Amino acid sequence: AAPYYAFVDAGVEVTLASPAGGQPPIDPTSTLADFQTDATKRYDADSAAQTLMANTKVLSEVNSSDFDAVFYPGGHGPLWDLVDNTDSISLIE
């Protein structure tokens, strides 16, 4: 949540994408009390951000030339669906 808000608060246009599109998998430990931050609490209260997350674009349909940068969130979340996804790998190679 923190990187998303850093970009959005700075006025950056953010596009969310995931291998399957729609709601990406979320590391289940990230919802535990010990992992809550101001940014995750903000996300929990932000229905617009939750709607964006629930409706990510399909990664294979994203044209990299339409973007200036690619950002991968930290933590264990990307291990669920990005680590061996060929579209993800080709995007960053």
Side-chain angles (χ1 to χ4, degrees):
Y4 171 79
Y5 289 114
F7 288 128
V8 170
D9 291 347
V12 175
E13 181 181 344
V14 174
T15 299
L16 303 179
S18 63
Q23 178 69 51
I26 297 175
D27 177 8
T29 60
S30 67
T31 61
L32 298 175
D34 289 348
F35 295 92
Q36 299 310 298
T37 65
D38 289 340
T40 60
K41 292 172 188 172
R42 181 177 173 187
Y43 175 80
D44 289 341
D46 187 345
S47 61
Q50 291 174 30
T51 297
L52 287 174
M53 182 66 81
N55 295 286
T56 64
K57 295 184 179 289
V58 177
L59 189 57
S60 65
E61 297 173 3
V62 172
N63 184 348
S64 62
S65 65
D66 292 338
F67 298 90
D68 295 321
V70 174
F71 178 83
Y72 285 82
H76 293 107
L79 297 176
W80 294 97
D81 64 347
L82 289 172
V83 68
D84 59 0
N85 179 269
T86 57
D87 295 310
S88 172
I89 293 167
S90 66
L91 184 64
I92 59 174
E93 285 188 325

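Computed from a predicted model, the values in this text were never measured in an experiment.
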Sub-3.5 Å donor-acceptor pair from the side chain of Glu93 to the main-chain atoms of Ser88, do we have one? no
Val12 and Phe67: same hydrophobic cluster, using ILVMFWY side-chain contacts below 4.5 Å? no
Under 6.0 Å from the CG atom of Asp68, do we count more than 12 heavy atoms belonging to anything else shown? no
Working to the nearest 0.5 angstrom, can you tell me the gap between Tyr43 OH and Gln50 CD? 5.0 Å
Has Asp9 got more than 12 heavy atoms of other residues, nucleotides or ligands less than 6.0 Å from its CG? yes
Can you tell me how far the CG atom of Asp46 sits from the OG1 atom of Thr40, to the nearest 0.5 Å? 12.0 Å
Quick check: does any side chain N or O of Gln36 sit under 3.5 Å from a backbone N or O of Leu32, one acting as donor and the other as acceptor? yes
Distance (rounded to the nearest 0.5 Å) between Asn85 CG and Ser18 OG: 9.0 Å
Using a 3.5 Å distance criterion without hydrogens, assess whether the side chain of Thr56 forms a donor-acceptor pair with backbone atoms of Gly22. yes
Hey, any chance Val8 and Val70 share a hydrophobic cluster, counting ILVMFWY side chains that come within less than 4.5 Å of each other, even indirectly? no
Shortest non-hydrogen contact from Pro3 to Phe71? CB-CE2, 3.4 Å
Measuring from Leu16:CG to Tyr4:OH, what's the distance to the nearest 0.5 Å? 6.5 Å
CD-CZ distance between Glu13 and Phe7, expressed to the nearest 0.5 angstrom: 13.0 Å
I'd like to know if the side chain of Asn55 reaches the main chain of Thr51, judged simply by a donor and an acceptor atom lying under 3.5 Å from each other, with no hydrogens or angles considered. yes
So which of Thr86, Leu59, Val62 actually passes side-chain contact (heavy atoms from CB on, under 4.5 Å) with Leu91? Leu59
